[in-house]
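The block underneath contains the structure these notes are about, expressed in structure tokens.
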Amino acid sequence: MGGEGAGESVRERRSHVVESRYEKLEALRRRGVEPFAYSYDVTHSTSAAREAFEVAEQAGTLSDGGDGPDVRIAGRLTSLRGHGKSTFADLADRSGKIQIYFRQNELGEDAYGLLDLLDPSDWIGVEGTLFRTRMGEVTVRVRSFQLLAKSLRPLPFGKEEVDPETGERRVYSGFADVEQRYRQRYADLAVNPDVREVFFTRTKLVRAIRRFLDDLGYVEVETPILQPLYGGASARPFITHHNALDMPLYLRIADELYLKRLIVGGLERVYEIGKDFRNEGIDRTHNPEFTMLEFYEAYADYENMMERVEALLLAVVREVTGGSTSVTYQGVPIEFAPPYRRMAYFDALREYGNLDVRRMDDAALRDAVRSFAVEDVDTMSRPKLIDELFSELVEPHLQQPVFITDFPREISPLAKPKRGDPELVERFELIVAGREIANAFSELNDPIDQKERFLAQVRLREQGDEEAQTYDEDYIRALEYGMPPTGGVGIGIDRLVMLLTDQPSIRDVILFPTMRPE
RNA sequence: GGGCCGGUAGCUCAGCUGGCAGAGCAGCGGACUUUUAAUCCGAAGCGCGUGGGUUCGAGCCCCACCCGGCCCA
């Protein structure tokens, strides 16, 4: 489905490296070899094959000649080392790689001659017998092989050497250009096993979350991504248009309001893992589309949800690390064994910022914010100023998991007032490694209060706050039917994956991060 | 949005105060039936991100722009 005429210009620009592969493709066809096969029966992965040999070796069931079992394996050629009438190659699949060995007198002249038309990056299937070479490497002696897909463009495989003295791994060349790695993730994944590992870990993490919540009787649901009103967070949306209805629709910035409608509907425990979209800048911790977990539980308050979050993270960290309760993030050891420290928002500002913000007037706050030169200081509301101070002065100090609790009411329009201090709300954020990982409330279930909070947001919007929330009449109607006391949590999955895979950029945990077109 | 850094062969990168554009790996031809960055011999391959400008001469200097990274907002 390429653009018209693209083929010709691409043809013009073919490098000699690519050109020679097209020539080999034609040569294969001339010899009656179909370069793009339909299927191949595989009996072993490369790692299972190696294991099968080692098992036979230890059981003493190798043949007199030292041969192990027969296998059929498939994968990508990563290296070809021809020696005239014999050839060694490496075949890589998802599980790793294994050496394969072709001999002319085993394959026959015709079949052996086809090796001249193979290249690194080609997909092949091989059938043969496992043995161990003089150099001690478990290898498949190939009896027959089939080309599964000709690669017309070489992958930039790195060369890797283990220093025999220090045991240090050195990588030669390879695929390092980060821009191209993000744009051509297929090549990145094909070439860099570490990258594959990150995404396998990501899947493992999400699976652990589902298992944890499922076991607690949570129901996984799907709520609208296209929404007539957007809400549940403070952010600017992506706007699109529905032609048949001739109306604007927004890509959701959060799942929150729909999930709480389901609590009104009596589902009691619900969660959703899905993409949210926020129309804001891109940096190390922000991608315009990102994955969010939200879960809501009837009859729970934010204290209960803190325990849930502690237990959830413990389970996830154990799963991902294979049993440990800690990880190292960018050189900093992080311990996830609960309980986590709890600190009130204003106490944290006092402790780390040495500021008693509740006693400061707006001008003093403004000056404090200005001292680290934030734009638009003059138009910021008081709560926004305080939140700037929090981000700047407090968050960077919080490396170990800590629950920051009891936020100002104004910046939390969906949270219940704190018992005993109505200026605050029952809300917490979990901060780890200086970053917000989770955000949670005792959910506001008083429709009258909620209506007032929405109206306050509308006033902020009228004053130019583009991130203020919108008035959602249907949501108020839902609350009027009655929502039980409910605890709710949102967890940014990408950031959690970053933490648990020690990746410095959110782009390293998103398969296809948002990029400008080339 | 601002600052800094980067974009040179398929990949990873050199390229001095402006003077014929390079290396390693990959690829191509040849030798080689236990190699593993295979080795040996040989011959190729670069519109230097794009567009202007300065200059006898620009990969290098100047301007604008495109794409990316890091830091700041």
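Numbers restart at 1 for each chain; the letters A, B, ... are given by sequence-line order, proteins then strands. As the structure is a prediction and not an experimental result, all values here were calculated from the model.
Atom NZ of K384(A) sits in a sparse spot, with 12 or fewer heavy atoms from other residues, nucleotides or ligands closer than 6.0 Å.
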Self-check item: Dot-bracket pairing map - RNA chain B, Watson-Crick plus G-U, both contacts under 3.5 Å, | cross-strand
Solution: (((((((..((((.....[..))))..((((.......))))......(((((..]....)))))))))))).
Practice problem: Begin from the C-alpha positions of R427(A) and N439(A) and carry the test side-chain hydrogen bond (donor to acceptor under 3.5 Å, both in side chains) through to its verdict. | Solution: CA-CA 7 Å; R427(A) 169 180 176 184; N439(A) 182 26; 3.0 Å; yes
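Side-chain nitrogen and oxygen atoms of K24(A) include at least one within less than 4.0 Å of the OP1 or OP2 phosphate oxygen of C28(B). OP1 or OP2 of G68(B) lies within a sub-4.0 Å distance of a side-chain N or O belonging to R516(A). Put simply, R81(A) has no side-chain N or O that comes within less than 4.0 Å of OP1 or OP2 on U35(B). The phosphate of C67(B) has neither OP1 nor OP2 within less than 4.0 Å of any side-chain N or O from R183(A). Close to U35(B), at under 4.0 Å from its OP1 or OP2, lies no side-chain N or O of R103(A).
Across all strands shown, G82(A) has heavy atoms under 4.0 Å from base atoms, whether or not it also approaches the sugar-phosphate.
At a cut-off of 3.5 angstrom, the base of U36(B) holds no donor-acceptor pair with the side chain of S79(A). With hydrogens and angles ignored, no donor-acceptor pair closer than 3.5 Å exists between the side chain of Q104(A) and the base of U33(B). In this model, a side-chain donor or acceptor of Q99(A) finds a partner on the base of U35(B) within 3.5 Å.
Relative to the side chain of S86(A), the nucleotides U12(B), G69(B), U34(B) differ in distance, and U34(B) lies closest. Closest to the D283(A) side chain, of the nucleotides U33(B), G10(B), A73(B), is A73(B).
Along RNA chain B, the nucleotide nearest to D90(A) and the one nearest to P154(A) differ in position, and the one closer to the 5' end is contacted by P154(A).
Side-chain atoms of R153(A) and S121(A) form no donor-acceptor pair, as typed in the model, at a separation below 3.5 Å.
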